Amino acid sequence: MDLIVIGAGPAGISAAIYAKRGKTNVTVISNGESALQKAKEIDNYYGFENTISGSELYEAGIKQAKHLEIPFIEGDVLNINYADNPDDGFSVKTTAGDFTAKAVIIATGTKRVKSSIKGTTKFEGSGVSYCATCDGFFHKDTDVAVLGNGSFAEAEAKHLSPIASNVYVLTNGDENPSISADEKNIKIVSQKIDDLYGENTLEGVKFADGSTIPLHGFFIALGTAGASDMAKQLGAELNEKGDITIDNDCKTSIDGLYAAGDCIGGILQASVAVGEGARAGMAASKYIRQLNK
């Protein structure tokens, strides 16, 4: 396909609509979650005389996109990489399968889930990381852990498996994680975590029962992969706040990769996200037309 839009909120749907109207073969990948759905009442959105709920606005956007026959794929995006064949552009790995596209628009909002476990903030950058693709290399032939209990954590663990000696998937008390540990050096540990310990750098994890596991790295993979995680995996630039850096066309520092909505920071409003999505959709369509010449 030509273009994949990740996210079905205001930015993602707007991007898909403008790309479709630009005669671009576009597909939306979404896990059905959007910050917009959590807005109980919206009374400052253009064109609505009466208050509308966030969930109503979210569903209306999806209906509009489907009316234009834009296909949707339901699933969590695990990572974005360059496709094996350079002509294919990017490879998007999801729980619904793997897909390739010449361009990608990230419009998933801000989803990074921080850990409340004691010691995580202290050791950020000194053993604690949020991106296995970015930082896995620094833990070659050592023991590492991945915190999480879903498909995102599983994908991070599998990426670390050929790099590290042992990979411990820590579910922090969840005894029924949706994780498949196929590799021999991946071990699932369901004990409740007490804290992370060490002097200036991470040295290990301590559990509630007093037992410990010495560690060289601790990767947080709670929930689903966030926009910044996806961008960092490809080497895209982020600002000091961790937002994706873009130019006036919503293009990231990587050709063919665009971003719109809350993931780029600024004013976090649905009306702003719609405009940013429009810019991204038009710019991505122009990029694809140039490739297809």
Side-chain angles (χ1 to χ4, degrees), residues 1-7 11-12 15-16 19 24-31 71 73 75-108 111-112 129-140 146 151-164 183 219 221 224-239 242-247 249-261 263-264 277 280-293:
M1 60 189 75
D2 286 336
L3 174 64
I4 287 176
V5 175
I6 303 174
T24 300
N25 178 14
V26 56
T27 296
V28 175
I29 299 178
S30 170
N31 64 2
I73 295 171
D76 289 330
V77 174
L78 303 175
N79 59 58
I80 308 171
N81 286 302
Y82 294 105
D84 293 335
N85 181 353
D87 291 337
D88 291 334
F90 302 96
S91 172
V92 181
K93 182 179 180 64
T94 81
T95 54
D98 298 348
F99 308 92
T100 59
K102 295 175 182 177
V104 172
I105 299 175
I106 300 175
T108 57
K111 288 188 177 180
R112 172 174 288 184
S129 172
Y130 292 85
C131 179
T133 304
C134 312
D135 300 327
F137 174 81
F138 301 111
H139 303 279
K140 192 172 189 289
V146 175
S151 55
F152 181 31
E154 179 180 347
E156 293 286 86
K158 288 182 176 179
H159 177 83
L160 291 165
S161 176
I163 300 170
E183 285 75 6
F219 293 83
T224 59
S228 297
D229 299 312
M230 299 177 203
K232 279 181 68 176
Q233 287 167 350
L234 283 169
E237 292 179 4
L238 307 179
N239 64 21
D243 300 321
I244 301 173
T245 301
I246 60 166
D247 65 12
D249 290 324
C250 289
K251 176 184 168 296
T252 70
S253 58
I254 294 175
D255 288 343
L257 183 67
Y258 299 81
C263 63
I264 64 174
M282 288 189 287
S285 290
K286 181 179 178 180
Y287 172 79
I288 292 165
R289 285 196 298 271
Q290 290 172 339
L291 287 180
N292 291 339
K293 282 184 179 178

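Sequence positions, counted from 1, serve as the residue numbers for this chain. Source: prediction; values computed, not measured.
For N85, the CG atom counts as densely surrounded, since its 6.0 Å shell holds more than 12 non-hydrogen atoms of other residues, nucleotides or ligands.
Checking side-chain atoms of T252 against main-chain N and O of I254 turns up a donor-acceptor pair under 3.5 Å. Not a single donor-acceptor pair under 3.5 Å links the side chain of E237 to the backbone N or O of S253. The closest donor-acceptor contact from the side chain of T27 to the backbone of P71 lies at 3.5 Å or more, if one exists at all. Side chain of S91 to backbone of N81: no donor-acceptor contact under 3.5 angstrom is found. Looking at S285, its side chain does come within 3.5 Å of a backbone N or O of G281 through a donor-acceptor pair.
V26 and A16 make their closest contact through CG1-O, 3.8 Å (heavy atoms, listed as atom of the first residue, atom of the second, distance). A pairwise comparison of heavy atoms in Q233 and I80 identifies OE1-N, 3.4 Å as the closest pair. Taking all atoms of both residues into account, the shortest heavy-atom contact from A259 to C263 is CB-SG, 4.1 Å. Looking at every heavy atom in both residues, G7 comes nearest to V28 through O-CG1, 3.7 Å. Shown here for G256 and Y287, the closest heavy-atom pair between the two residues is CA-CE2, 3.5 Å. Of all non-hydrogen atoms in A227 and I244, the two that sit nearest each other are O-CD1, 3.7 Å.
Rounded to the nearest 0.5 angstrom, D2 CG and K102 NZ are separated by 5.0 Å. Here the CG atom belonging to L160 is positioned 8.0 Å from the NE2 atom belonging to H139, to the nearest 0.5 angstrom. Note that OG of S129 is 6.0 Å distant from NZ of K232, once rounded to the nearest 0.5 Å. Atom CG of residue N79 and atom NE2 of residue H159 lie 8.5 Å apart, to the nearest 0.5 angstrom. Once rounded to the nearest 0.5 Å, the distance linking OG1 of T108 with CG of D76 reads 11.0 Å. Taken from CG in L257 to OH in Y82, the straight-line distance is 7.5 Å, to the nearest 0.5 Å.
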As a quick check of understanding, evaluate side chain to side chain contact (heavy atoms under 4.5 Å, CB included) for I4 and F90, giving each step before the final call. CA-CA 9 Å; I4 287 176; F90 302 96; over 6 Å; no
Working note: V77 + T95, criterion side chain to side chain contact (heavy atoms under 4.5 Å, CB included); need CA distance, chi angles, decisive distance, verdict. CA-CA 7 Å; V77 174; T95 54; over 6 Å; no
Please lay out, stage by stage, how I73 and F99 fare under the test side chain to side chain contact (heavy atoms under 4.5 Å, CB included). CA-CA 10 Å; I73 295 171; F99 308 92; 3.6 Å; yes
Checking L3 against N25 for the side chain to side chain contact (heavy atoms under 4.5 Å, CB included) test, could you report, in this order, the C-alpha distance in whole Å, the side-chain angles of both residues, the deciding distance, and whether it holds? CA-CA 6 Å; L3 174 64; N25 178 14; over 6 Å; no
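In this structure the side chain of V5 never reaches within 4.5 angstrom of the side chain of I29, judged on heavy atoms. Proximity of L238 to D243: side-chain heavy atoms (C-beta onward) are nowhere separated by under 4.5 Å. Put simply, the side chain of M230 does not reach to within 4.5 Å of the side chain of V104, judged on heavy atoms.
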